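Just so it is clear, the model here is predicted, and its values are computed rather than measured. Chain letters run A, B, ... following the sequence lines, proteins first, then strands; residues in each count from 1.
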Amino acid sequence: MGNCLASNSTDDLTLLNGRNEGPRESIDQEPVLQFQENVQPTYSQVGTTVHQSLTEDEQIKIAKRIGIVQHLPISQYTHENFQSKKVPSECDICMNDFVVGDSIRYLPCMHQYHVHCVDNWLMRSLTCPSCCEPVDASLLLSSFENV
Amino acid sequence: MSCPAERRLRKELLELLTNPMPGIYIDEEKVAKNINEWIVTIEGAEKTIYEGETFQLQFSFNEKYPFDSPTVLFIGKIPVHSHIYSNGHICLSILTDDWTPALSVGAVCLSIRSMLSSATKKERPPDDMIYTRTCSKNPKKTKWFFHDDTV
Ligand SMILES: [Zn+2]
Ligand SMILES: [Zn+2]
């Protein structure tokens with residue numbers, strides 16, 4: 001029997017993204033509003049700092065992440081890809097069909113997505129959206145092999 | 001809301017309307033008015049403790065969907081379940097930490113329906129009283145601890 005304990009706290013990413021209470025589309029992007037209903041007043045301080053400027057550590061983290069993502073292979077979706085049944089015909093992120101000429105990024109697990117779709121996700125989480133396989137670990141291994 | 005989120009939501013809607021999933025019904029009228037707010041009715045599955053009951057889920061999407069998870073909660077009559085708080089908040093990892101853009105409204109509904117189906121006892125989470133008194137209105141602001149995904 002599971003018990004579902006929850007503690008009321010906000011993660012930094014949530015603050016970073018500027019989410020807020022209630023009907024989101026109306027007051028989105030207004031960090032001031034978003035903290036009024038929180039019980040712990042410290043949130044607002046944390047929230048505004050995160051929102052306004054990234055710390056050096058965070059900047060390094062983002063730079064590293066960009067480096068990893070840039071090393072993932074890209075290729076154009078070809079007519080052969082389109083005809084072969086081996087390559088999926090759809091990007092699982094935007095749910096649109098791949099069109100010949102689209103730039104496709106290949107993850108180490110061999111799942112593939114539009115470059116613009118998957119890069120957006122990888123900046124948040126270095127995992128494959130479909131199989132949750134981590135992207136960085138295997139990359140590190142392969143770069144060791146290349147040395 | 002920017003275009004990509006809306007385009008994807010329209011794709012999902014079309015897919016769910018053309019290939020409906022058993023026990024899961026979309027309020028088309030509501031979605032037609034506002035693509036960012038969905039009401040989905042979930043039927044308790046046969047031969048489970050929720051058989052014969054129906055519940056409503058509210059999905060809210062922001063412009064970063066599907067990179068941001070939707071906000072999902074029960075509204076109206078809240079199912080009595082050890083992972084569902086009496087204010088409608090749901091303790092389910094794919095709604096926060098384990099969300100990926102390859103998931104969808106359909107996948108979330110399926111997962112919530114199976115969470116209901118696997119329950120053997122109707123009871124609220126042990127910390128229901130405290131949680132509902134102190135939590136934020138937005139379940140995504142809760143830092144959840146997922147103890148057990150199988151119940
Ligand atoms: Zn795509
Ligand atoms: Zn994968």
Side-chain angles (χ1 to χ4, degrees), chain A residues 1-29 33-40 43 47 88 90-97 107 111 113-114 116-133, chain B residues 1 4-5 7-12 15 34 36-37 60-64 66-68 71 81-85 89-92 96-104 119-121 123-128 130-131 133-151:
Chain A
M1 189 62 59
N3 70 337
C4 237
L5 299 175
S7 86
N8 189 24
S9 79
T10 314
D11 61 303
D12 291 350
L13 193 69
T14 309
L15 293 170
L16 204 81
N17 292 337
R19 287 175 192 142
N20 43 44
E21 313 280 21
R24 297 141 113 236
E25 75 276 20
S26 55
I27 48 167
D28 216 355
Q29 308 301 344
L33 276 176
Q34 108 188 57
F35 305 108
Q36 284 175 354
E37 292 182 71
N38 273 314
V39 239
Q40 281 146 301
Y43 287 172
E90 191 188 85
C91 168
D92 275 343
I93 297 176
C94 64
M95 295 184 176
N96 286 316
D97 287 341
L107 302 195
H111 281 117
Y113 308 91
H114 289 121
H116 58 271
C117 291
V118 77
D119 285 8
N120 206 336
W121 173 249
L122 293 174
M123 290 312 293
R124 290 157 180 252
S125 165
L126 282 172
T127 54
C128 170
S130 297
C131 66
C132 299
E133 184 99 356
Chain B
M1 170 168 291
R7 268 204 303 271
R8 188 173 129 162
L9 283 169
R10 296 206 182 280
K11 284 223 151 213
E12 285 192 52
E15 171 66 26
N34 180 359
N36 307 323
E37 293 279 337
S60 318
F61 306 91
N62 69 13
E63 74 286 349
K64 296 194 189 94
F67 302 104
D68 268 9
T71 303
H81 184 285
S82 60
H83 287 184
I84 302 167
Y85 289 89
H89 288 198
I90 306 160
C91 180
L92 180 65
T96 48
D97 299 15
D98 293 341
W99 171 260
T100 91
L103 288 167
S104 59
T120 51
K121 208 157 119 198
E123 58 182 11
R124 289 277 178 227
D127 58 335
D128 189 51
I130 298 166
Y131 175 73
R133 224 183 284 154
T134 56
C135 69
S136 156
K137 269 192 198 163
N138 183 344
K140 283 173 67 173
K141 290 198 159 185
T142 299
K143 184 81 198 139
W144 297 99
F145 294 98
F146 305 102
H147 286 276
D148 185 350
D149 279 346
T150 59
V151 178

A:Ile93 and B:Pro66, any side-chain heavy atoms less than 4.5 Å apart: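 A side-chain contact under 4.5 Å exists here.
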
Side chain to side chain, A:Asn96 and B:Lys11, heavy atoms closer than 4.5 Å: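 When only atoms from C-beta onward are counted, B:Lys11 and A:Asn96 do touch, with a gap below 4.5 Å.
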
A:Cys91 versus chain B, the contacting section by heavy-atom distance below 4.5 Å: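 Contact with chain B is absent: no heavy atom of A:Cys91 under 4.5 Å.
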
Exercise: identify the closest heavy-atom pair between B:Ala102 and A:Pro129: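 Answer, listing the atom of B:Ala102 first, then A:Pro129: CB-O, 3.3 Å.
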
B:Arg8 side chain vs A:Met95 backbone, donor-acceptor pair below 3.5 Å: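 Not confirmed, B:Arg8 side chain does not pair with A:Met95 backbone.
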
